[in-house]
Each structure stands twice: as structure tokens, then as C-alpha cells.
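Okay, so here's the structure we're looking at.
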Amino acid sequence: MKLTRRLTLAAFAGALALGTALPAFAADLIAIITPAHDNPFFKAEAVGAEAKAKELGYETLVMTHDDDANKQSEMIDTAIGRGAKAIILDNAGADASVAAVKKAKDAGIPSFLIDREINATGVAVAQIVSNNYQGAQLGAQEFVKLMGEKGNYVELVGKESDTNAGIRSQGYHDVIDDYPDLKSVAKQSANWSQTEAYSKMETILQANPDIKGVISGNDTMAMGAIAALQAAGRKDVIVVGFDGSNDVRDSIKSGGIKATVLQPAYAQAQLAVEQADTYIKNKTTPKEEKQLMDCVLINADNADKLETFALKN
């Protein structure tokens, strides 16, 4: 045993002397993994989580998986290799992410999910998500009112592998379908993308020039839709989004998009870090794994109070 210990220490010292790269372990590291930051919602998550982690004295490792489950798995490996104490994750797919989160759990690293659920329980310590169904109903009620309860409309849906896309769409339809004079003439996925939404909206508008409204699964697609409508000179079409981004806030204030639904990205991420901190220090888990945070309708009445996915007092 003594010989083995001496050889191990000698090898370690030799590696240092030669400048060999050794794993960079952090005594108190929290890994933060989200989709790409070109979407302001995901950037707000990362900023909120990192700020809270640093406030609580942790080092951070911030990574983006670009909705690629394989890339996400590699980042989980990186977090494990770096000896992270916890992982804050906005995942890359409800089914595709289960194995990666389980891999972290098996390595002794707890995961705290934000924004998107996975299709498994008991794998993550927490799943903190917006009440997407409640939020979608708020958005749909406002949409119905703005439409005067009648007219042809279009729905832009998010990425089909994302549970939130389906939940929001269901929430929309559970309200709108009660109004027989509101008629859906197109429902297409734009994969949460502004560029794709612009292109889809151009095509839909050519086929359906009489549309009166567009309800979108997120703000990024809503921004693409309003840009295409404005380029076509169609300032009469009502657009409603979902997320509560600053871009849509500004559009609402200038008379473009009419409403959105705020989901508290920044607050979710900070809550996840607080729960991770409690778990790291005391092994205390939240009372419920799945935790819903209610959404808030944003329109011209309160858009001034919206800042970076949070309402100012």
C-alpha cells in the first residue's frame, strides 16, 4: 500500500513538473447547460443561474447544447469529469435527455431541470417549469378577445420533440376551440426559430391572404411572423406570443405584437440554483420534484414593467 501510494504521488508530481494537463476539478462547481443563447429566453436562464451560483459562492461552467441530445450528453460527461456538485439543465428533449440525466445521477451529481420536463420521474432532483398550460390559456383568452371571437387564424408551433410545444398548443385550443367563428387555416411548426417563422409566415400568407390573427408558441416565432406580416404590409393582423422577451415587449409598446405570456425564466433558473445549494449542503430535496410556476399575461397595460423575463415592481 505504501509503495503504491508513493508511486501515485510521484506520478502526480511528475505530471505537474512536465506540465501535463490534469483534470480541472472545482471544489464547488455548478454546471449550467441550456439551449443556444441566441434565443434571449435561454440566455436569461443561464445569466440568472450563473448570477445566483456566484452569489452563493460557487464556480460555474456554462455550456449550450443547441437542442442536440448527443452534444448534451457530452456536456454531462464534461460536468461529471469536472466534478460538478450539481447540474442546472434546460434539456434537449423529453425522451432523449432521460439517459443523460440518469448518467449524472449514477455519477452522484444531482440535476435540477428548468423550463422543460423529461419523460421520467425520480431521475432529476427537481423539474421546475412554467405552468405552460395555464399560460397558454391566458394567451388564448387574450387572443380571442383581440380577434373579437371570429376570423381565420394561424398557429405557429414549437419544436415537436419539446413537451412544452404540445402543452401550449393544447392550452390554446382548449380555449379557442370553444369559439366556432374562430377558424384555424394553418398550423405549422417553426421549431422555435425566428428565421423559420418568417419563411413559414410568408408561405402561409400567400395561401391564406384573409387571415386575421397569428398565435405563436413562443416569442421568437412571433417576431418572425410579425416581420413577415409587416414586410407584406399586413399591419392589421393580430399576433400573440409566449415567453415575455424584451423584443416582444418593445414590439407591443410600438403597436406591433399585441400580447405575450411571461414565463419567469430568470426566476426559475435562480430557484433551481437555490435548491441545488440546499441539496449540496444538506442533501435536502424539494417537497415535489415537479414544480410549476404560473405565467403572467403581458399586453400594452403592463409591458413597461417587463425586463429580461421578469416583471419589475
Side-chain angles (χ1 to χ4, degrees), residues 35-36 38-42 67 132-133 135-245 247-252 254-261 263 297-300:
D38 56 358
N39 183 319
F41 182 86
F42 302 131
D67 282 317
N132 283 280
Y133 184 79
Q137 290 199 309
L138 285 179
Q141 288 162 5
E142 183 74 357
F143 184 71
V144 167
K145 184 173 78 171
L146 290 164
M147 292 282 289
E149 301 184 5
K150 62 184 178 182
N152 293 344
Y153 76 95
V154 172
E155 181 186 2
L156 294 177
V157 186
K159 191 179 291 288
E160 292 179 357
S161 63
D162 187 338
T163 303
N164 290 345
I167 293 173
R168 291 176 195 173
S169 183
Q170 187 64 53
Y172 288 156
H173 283 278
D174 284 351
V175 172
I176 297 171
D177 292 354
D178 286 340
Y179 297 86
D181 291 332
L182 281 168
K183 302 185 185 300
S184 172
V185 295
K187 178 180 178 180
Q188 292 192 26
S189 171
N191 292 303
W192 305 131
S193 164
Q194 183 166 335
T195 303
E196 193 168 339
Y198 184 98
S199 176
K200 292 283 177 73
M201 194 69 245
E202 279 188 318
T203 303
I204 291 169
L205 191 57
Q206 288 170 3
N208 303 277
D210 60 345
I211 62 167
K212 185 180 174 184
V214 178
I215 192 162
S216 173
N218 79 342
D219 279 353
T220 308
M221 295 187 298
M223 289 297 291
I226 196 73
L229 289 163
Q230 289 174 345
R234 293 296 305 276
K235 295 183 180 181
D236 58 308
V237 179
I238 291 158
V239 179
V240 170
F242 194 116
D243 276 343
S245 71
D247 286 341
V248 166
R249 173 203 64 195
D250 294 343
S251 181
I252 291 172
S254 66
I257 292 172
K258 299 304 180 188
T260 185
V261 176
Q263 53 168 339
L297 179 71
I298 304 294
N299 56 24

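All values below were derived from every heavy atom in this structure, side-chain atoms included, with hydrogens, water molecules and symmetry-related copies excluded.
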Interatomic distance, [X] atom [atom1] to [Y] atom [atom2] [nearest 0.5 angstrom]:
{"X": "Asp177", "Y": "Lys183", "atom1": "CG", "atom2": "NZ", "answer": "11.5 Å"}
{"X": "Asp243", "Y": "Met221", "atom1": "CG", "atom2": "CE", "answer": "8.5 Å"}
{"X": "Met201", "Y": "Gln206", "atom1": "CE", "atom2": "CD", "answer": "10.5 Å"}
{"X": "Asp178", "Y": "His173", "atom1": "CG", "atom2": "NE2", "answer": "12.0 Å"}
{"X": "Leu146", "Y": "Lys258", "atom1": "CG", "atom2": "NZ", "answer": "8.0 Å"}

Less than 3.5 Å apart, any donor N or O on the side chain of [X] or [Y] sitting next to an acceptor on the other?
{"X": "Trp192", "Y": "Asp67", "result": "no"}
{"X": "Tyr198", "Y": "Gln194", "result": "no"}
{"X": "Ser169", "Y": "Glu155", "result": "yes"}

Are the side chain of [X] and the backbone N or O of [Y] linked by a donor-acceptor pair below 3.5 Å?
{"X": "Asn152", "Y": "Lys212", "result": "no"}
{"X": "Asp162", "Y": "Asn164", "result": "yes"}
{"X": "Arg168", "Y": "Phe242", "result": "no"}
{"X": "Arg249", "Y": "Thr260", "result": "no"}
{"X": "Thr203", "Y": "Ser199", "result": "yes"}
{"X": "Asp219", "Y": "Ser245", "result": "yes"}
{"X": "Ser216", "Y": "Val240", "result": "no"}
{"X": "Lys200", "Y": "Ser189", "result": "yes"}

For [X] and [Y], which heavy atoms make the closest approach, and how far apart are they?
{"X": "Ala140", "Y": "Ile176", "value": "CB-CG1, 4.1 Å"}
{"X": "Ala197", "Y": "Ala225", "value": "CB-N, 4.2 Å"}
{"X": "Gln188", "Y": "Ile204", "value": "NE2-CG1, 3.7 Å"}
{"X": "Val261", "Y": "Gly135", "value": "CG2-O, 3.4 Å"}
{"X": "Ala165", "Y": "Lys159", "value": "CB-O, 3.3 Å"}

[Y] side chain reached by [X] side chain, heavy atoms, under 4.5 Å:
{"X": "Asn218", "Y": "Asn39", "value": "yes"}
{"X": "Glu142", "Y": "Leu138", "value": "no"}
{"X": "Met223", "Y": "Val248", "value": "yes"}
{"X": "Val154", "Y": "Val237", "value": "no"}

Is the centre of the Phe143 ring less than 6.0 Å from the centre of the Tyr153 ring?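 Yes, ring centres under 6.0 Å apart.
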
